[in-house]
Chemist: 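Take this structure first; my questions come after.
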Amino acid sequence: QVRLEESGGGSVQAGGSLRLSCSASAYTQSTTCMGWFRQTPGKEREGVASIYAGGTASYYAAAVKGRFYIAQDSAKKTLYLQMNSLQPEDTAMYFCAADKTGCLRGSGLQANAFNYWGQGTQVTVSS
């Protein structure tokens with residue numbers, strides 16, 4: 001069992017930056033894949049970025065590529081999402097997720113391929 005806790009969300013103006021953090025209770029085989037997902041009311045959870053084996057590979061949604069960067073500090077058991085050039089359409093609840101193989105399926109950003117989830121942190125971008 002892996003517990004995940006997100007932090008770093010908040011309100012920012014368009015063009016600004018935020019860094020999200022996700023602290024894991026342990027790094028095990030279940031955290032080989034870790035990722036960030038986001039969800040707005042009435043919409044399905046969508047993949048933002050994921051990372052495999054501490055950085056061997058990473059995957060990004062087209063909407064965030066070149067603006068968001070995923071990174072992992074295994075010593076701190078923490079996953080990060082650096083978000084730059086934020087836009088109002090990035091407003092959502094952001095969730096951290098982990099799984100043994102989730103990022104190796106399909107695009108690497110399928111929410112139903114990840115088994116462990118945090119509670120989420122809200123990001124609001126105003127124009």
Side-chain angles (χ1 to χ4, degrees):
Q1 189 78 7
V2 176
R3 292 186 303 278
L4 304 171
E5 183 174 2
E6 304 93 337
S7 61
S11 297
V12 64
Q13 288 192 325
S17 298
L18 281 174
R19 188 178 78 160
L20 304 183
S21 299
C22 172
S23 176
S25 59
Y27 266 19
T28 67
Q29 283 188 333
S30 296
T31 54
T32 302
C33 286
M34 296 193 75
W36 289 98
F37 295 77
R38 64 188 182 186
Q39 189 171 24
T40 54
K43 292 191 176 181
E44 290 189 359
R45 195 167 295 187
E46 65 172 357
V48 175
S50 65
I51 191 167
Y52 172 66
T56 301
S58 56
Y59 311 91
Y60 292 92
V64 306
K65 203 166 188 177
R67 299 189 298 124
F68 290 13
Y69 299 94
I70 190 169
Q72 194 170 22
D73 185 332
S74 297
K76 295 182 178 180
K77 298 194 291 291
T78 302
L79 179 73
Y80 301 100
L81 184 69
Q82 178 66 43
M83 305 187 294
N84 301 324
S85 301
L86 283 160
Q87 299 301 315
E89 51 266 34
D90 295 316
T91 294
M93 183 72 79
Y94 283 72
F95 297 89
C96 172
D99 191 80
K100 184 177 179 181
T101 59
C103 63
L104 302 178
R105 307 179 196 179
S107 66
L109 299 172
Q110 297 174 205
N112 60 9
F114 285 76
N115 275 314
Y116 300 99
W117 292 87
Q119 295 299 305
T121 185
Q122 177 68 36
V123 171
T124 302
V125 185
S126 57
S127 57

Chemist: Under the ring-ring contact (aromatic ring centres under 6.0 Å, His included) rule, what pairs show up with a residue in residues 74-97, not counting sequence neighbours?
Modeler: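 As it turns out, there is no ring-ring contact (aromatic ring centres under 6.0 Å, His included) pair with a partner in residues 74-97 once direct neighbours are skipped.
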Chemist: Please list all pairs passing the ring-ring contact (aromatic ring centres under 6.0 Å, His included) test where one or both residues lie in residues 35-62, with sequence neighbours left out.
Modeler: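 Qualifying pairs: Phe37-Phe114, Phe37-Trp117.
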Chemist: Which atom pairs, donor and acceptor, lie under 3.5 Å between side-chain atoms of residues 13-25 and protein residues at least two apart or in another chain?
Modeler:
{"residue": "Ser17", "atom": "OG", "partner": "Asn84", "partner atom": "OD1", "Å": "3.1"}
{"residue": "Ser25", "atom": "OG", "partner": "Arg3", "partner atom": "N", "Å": "2.9"}

Chemist: Ignoring hydrogens, what is the shortest heavy-atom contact between Met34 and Cys96? Give both atom names and the distance.
Modeler: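 Nearest heavy atoms, Met34 then Cys96: CE-SG, 4.0 Å.
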Chemist: Where the side chain of Ser58 meets the backbone of Gly55, is there a donor-acceptor pair that is under 3.5 Å apart?
Modeler: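 No, because the side chain of Ser58 does not come within donor-acceptor range (under 3.5 Å) of the backbone of Gly55.
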Chemist: Can you tell if the side chain of Val64 reaches within under 4.5 Å of the side chain of Arg38, non-hydrogen atoms only?
Modeler: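 Yes, at least one pair of side-chain atoms sits under 4.5 Å.
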Chemist: For residues Leu104 and Val48: do they belong to one hydrophobic cluster (side chain heavy atoms under 4.5 Å, members Ile, Leu, Val, Met, Phe, Trp, Tyr)?
Modeler: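 No, separate clusters.
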Chemist: Listed by chain and number, what are the salt bridge (Lys or Arg N to Asp or Glu O under 4.0 Å) partners of Glu89, not counting sequence neighbours?
Modeler: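 Here no residue qualifies.
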Chemist: Within this structure, what is the CD-CD distance for the pair Glu44 and Gln39, rounded to the nearest 0.5 Å?
Modeler: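 With rounding to 0.5 Å, CD (Glu44) is 8.5 Å from CD (Gln39).
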Chemist: Can you list every pair that meets disulfide bond (SG atoms under 2.5 Å apart) and has a residue in residues 25-54, with sequence neighbours left out?
Modeler: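 Those involving residues 25-54 are Cys33-Cys103.
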Chemist: Donor-acceptor pair, Thr40 side chain versus Ala92 backbone, under 3.5 Å?
Modeler: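 Answer holds: no.
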Chemist: When rounded to the nearest 0.5 angstrom, what distance separates CD in Glu46 from CG in Leu109?
Modeler: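 Atom-to-atom, Glu46:CD and Leu109:CG are 9.5 Å apart.
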Chemist: Going from OG1 on Thr101 to CD on Gln29, what distance comes out if it is rounded to the nearest 0.5 angstrom?
Modeler: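 Between atom OG1 of Thr101 and atom CD of Gln29 there are 10.5 Å.
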Chemist: I'd like to know if the side chain of Asn115 and the backbone of Asp99 have a donor-acceptor N/O pair within less than 3.5 Å.
Modeler: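 No.
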Chemist: Can you name the closest pair of heavy atoms from Ala49 and Leu81 and give their distance?
Modeler: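 Shortest heavy-atom separation between Ala49 and Leu81 comes out as CB-CD1, 4.2 Å.
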Chemist: Does atom CD of Glu5 have more than 12 heavy-atom neighbours from other groups under 6.0 Å away?
Modeler: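 At most 12 heavy atoms, drawn from other residues, nucleotides or ligands, come within 6.0 Å of this atom.
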Chemist: Do Thr91 and Gln122 pass the side-chain contact (heavy atoms from CB on, under 4.5 Å) test, and can you show the C-alpha distance, the side-chain angles, and the key distance before you say yes or no?
Modeler: CA-CA 8 Å; Thr91 294; Gln122 177 68 36; 4.0 Å; yes
Chemist: Side chains of residues 67-78: which donor-acceptor partners sit under 3.5 Å, not counting sequence neighbours?
Modeler:
{"residue": "Arg67", "atom": "NH1", "partner": "Ser85", "partner atom": "O", "Å": "2.9"}
{"residue": "Arg67", "atom": "NH1", "partner": "Asp90", "partner atom": "OD2", "Å": "2.8"}
{"residue": "Arg67", "atom": "NH2", "partner": "Ala63", "partner atom": "O", "Å": "2.9"}
{"residue": "Arg67", "atom": "NH2", "partner": "Asp90", "partner atom": "OD1", "Å": "3.0"}
{"residue": "Arg67", "atom": "NH2", "partner": "Asp90", "partner atom": "OD2", "Å": "3.4"}
{"residue": "Tyr69", "atom": "OH", "partner": "Gly66", "partner atom": "O", "Å": "3.1"}
{"residue": "Gln72", "atom": "OE1", "partner": "Gly54", "partner atom": "N", "Å": "3.2"}
{"residue": "Gln72", "atom": "NE2", "partner": "Tyr27", "partner atom": "OH", "Å": "3.1"}
{"residue": "Asp73", "atom": "OD1", "partner": "Ala75", "partner atom": "N", "Å": "3.1"}
{"residue": "Asp73", "atom": "OD1", "partner": "Lys76", "partner atom": "N", "Å": "3.2"}
{"residue": "Thr78", "atom": "OG1", "partner": "Lys76", "partner atom": "O", "Å": "2.9"}

Chemist: For Gln119, is there any backbone N or O sitting under 3.5 Å from a side-chain donor or acceptor partner on Glu6?
Modeler: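 Between the backbone of Gln119 and the side chain of Glu6 there is a qualifying donor-acceptor contact (under 3.5 Å).
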Chemist: Give me the atom names and distance for the closest heavy-atom approach of Val2 to Ala26.
Modeler: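 For Val2 versus Ala26, the nearest heavy atoms are CG1-O, 4.0 Å.
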